[in-house]
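Heads up: the structure comes next, in structure tokens.
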Amino acid sequence: MESLLAGDHRSSLLGRGTELAQVRPYRPGEDDVRLIDWNVTARMFEPHVRVQLAERLLVTWVLLDVSPSMGFGTAERRKADVAEGAALALAYAATRRGNRLGVVTFGDGDVRAIPPRQGRAGMLALLLALRARAEGGEVGPTSLGQVLGRTTRLARQRALVAMISDFRGPRDWRVPLLDVLGRHDAVAIEIRDPREEELPRLGELCLVDPETGGQLRVDTSSPRLRERFAAAAANERTELARTFASVGVPHVVLSTTGDWLRLLADFLRIQRRRR
């Protein structure tokens, strides 16, 4: 993230900045005389100006899933706790040096978008969005595809789009994600709980879908059922990772158990080297 902040990344445009792009002959009536490089001018016996690479502020959009399924957690914390922590960590890094942060929350019956704001104002916007989510609690469908479509319309300047979700629900987001990638960069942060990958042997249970209210009674003492559940969960996660890889979106999995912050930091460090 730090490699993307203003002054740490190169722009394809020329303009005001601190990094030299080139030195060329002065063009009367076009160039600012304050940009004349007098040392080069003295050596070349002709006025020359310094042309710099423009420093551009980075805009980061955090797409935060606040659907009921994020309230699930059987380990040290809920998925929502990890998602909020990851969002705050990204916001802290993204709003340094005056960069801007925009927030979109979805999955609680309504999509809330807060336009990008600089510095502490961006962090405050995220905290207010999290507070509004805590005071809400409505149940609604989670359509990441619609959220990505809206983000494409909102993000007019090239930005980094960070999706934080458990990515459960309809897979209607691949085409909208490609639209986002046509103009922006993106990263996917998946939140997962260990109990979503395997069923414990607890006898007969009533499983409830928190987003639809659907119920299913199962007998977890059946080895065959537990094996089928684990295989289906593994296939689902593999397919999700394959989808992100096919469109070139970096993807990391954070668990409700263990040190998720270290995993996130390592992931961002790898992205920094690649950039």
Going hydrophobic residue to hydrophobic residue with side-chain gaps under 4.5 angstrom, can you get from [X] over to [Y]?
| X | Y | result |
| --- | --- | --- |
| Met70 | Phe72 | no |
| Leu181 | Val175 | no |
| Val103 | Leu264 | yes |
| Ile191 | Val253 | no |
| Leu178 | Val180 | yes |

So, for [X] and [Y], which heavy atoms are closest and what is the spacing to 0.1 Å?
| X | Y | result |
| --- | --- | --- |
| Phe229 | Glu197 | CE2-C, 4.0 Å |
| Pro194 | Ala75 | CD-CB, 4.3 Å |
| Gly145 | Asp172 | N-OD1, 3.3 Å |
| Trp260 | Gly85 | CH2-C, 3.3 Å |
| Ser255 | Val82 | O-CG2, 3.9 Å |
| Ala162 | Leu90 | CB-CD1, 3.7 Å |

Whether [X] side chain and [Y] backbone form a donor-acceptor pair below 3.5 Å:
| X | Y | result |
| --- | --- | --- |
| Asp31 | Arg27 | yes |
| Thr95 | Arg100 | no |
| Asp37 | Val40 | yes |
| Arg226 | Thr220 | yes |
| His251 | Ala241 | no |

Rounded to the nearest 0.5 Å, what separation is found between the [atom1] atom of [X] and the [atom2] atom of [Y]?
| X | Y | atom1 | atom2 | value |
| --- | --- | --- | --- | --- |
| Leu58 | Asp185 | CG | CG | 9.0 Å |
| Leu148 | Trp61 | CG | CH2 | 12.5 Å |
| Thr151 | His184 | OG1 | NE2 | 8.5 Å |
| Ser165 | Leu144 | OG | CG | 6.0 Å |
| Leu199 | Leu205 | CG | CG | 7.5 Å |

Salt bridge or not for [X] and [Y], using N-O below 4.0 Å?
| X | Y | value |
| --- | --- | --- |
| Arg78 | Asp193 | no |
| Arg192 | Glu190 | yes |
| Arg242 | Glu239 | yes |
| Arg168 | Asp65 | no |

TODO: Answer yes or no: does atom CD of Glu198 have more than 12 heavy-atom neighbours from other residues, nucleotides or ligands under 6.0 Å?
DONE: no
Task: Whether over 12 other heavy atoms sit under 6.0 Å from Arg228 CZ - done: no
Measure the shortest side-chain to side-chain distance between [X] and [Y] over non-hydrogen atoms and say whether it is less than 4.5 angstrom.
| X | Y | value |
| --- | --- | --- |
| Leu154 | Pro115 | no |
| Arg150 | Val104 | no |
| Glu236 | Arg171 | yes |
| Pro47 | Pro25 | no |
| Ser246 | Arg174 | yes |
| Val111 | Val147 | yes |
| Val59 | Asn99 | no |
| His48 | Trp38 | no |

TODO: State, without any angle test, whether Arg50 and Gln22 hold a side-chain donor-acceptor pair at a distance under 3.5 Å.
DONE: no
TODO: Report yes or no: do Ser67 and Ser69 form a side-chain donor-acceptor pair below 3.5 Å?
DONE: yes
TODO: Let me see the working for Leu254 and Ile189 under side chain to side chain contact (heavy atoms under 4.5 Å, CB included), right down to the final yes or no.
DONE: CA-CA 7 Å; Leu254 305 182; Ile189 301 174; 3.6 Å; yes
- [ ] For side chain to side chain contact (heavy atoms under 4.5 Å, CB included), just list the numbers for Glu196 and Arg237, CA-CA rounded to whole Å, side-chain angles, deciding distance to a tenth of an Å, and then say yes or no.
- [x] CA-CA 10 Å; Glu196 294 175 317; Arg237 299 298 94 183; over 6 Å; no
TODO: Please list, chain by chain and in numerical order, all residues satisfying salt bridge (Lys or Arg N to Asp or Glu O under 4.0 Å) with Glu46, sequence neighbours excluded.
DONE: none
Task: Residues that Arg201 engages under salt bridge (Lys or Arg N to Asp or Glu O under 4.0 Å), provided they are two or more places apart - done: none
Open item on the list: Please evaluate residues Ile36 and Thr41 with respect to the criterion side chain to side chain contact (heavy atoms under 4.5 Å, CB included), reporting the C-alpha separation (whole Å), side-chain torsions for both, the decisive distance (0.1 Å), and the verdict.
Closed with: CA-CA 8 Å; Ile36 292 179; Thr41 298; 3.6 Å; yes
- [ ] Show your working on side chain to side chain contact (heavy atoms under 4.5 Å, CB included) between Asp81 and Thr256 and close with a plain yes or no.
- [x] CA-CA 8 Å; Asp81 299 328; Thr256 55; over 6 Å; no
Open item on the list: If you apply the rule ring-ring contact (aromatic ring centres under 6.0 Å, His included), what do you find for Phe106 with Trp173, and how did you get there?
Closed with: CA-CA 14 Å; Phe106 65 97; Trp173 44 263; over 10 Å; no
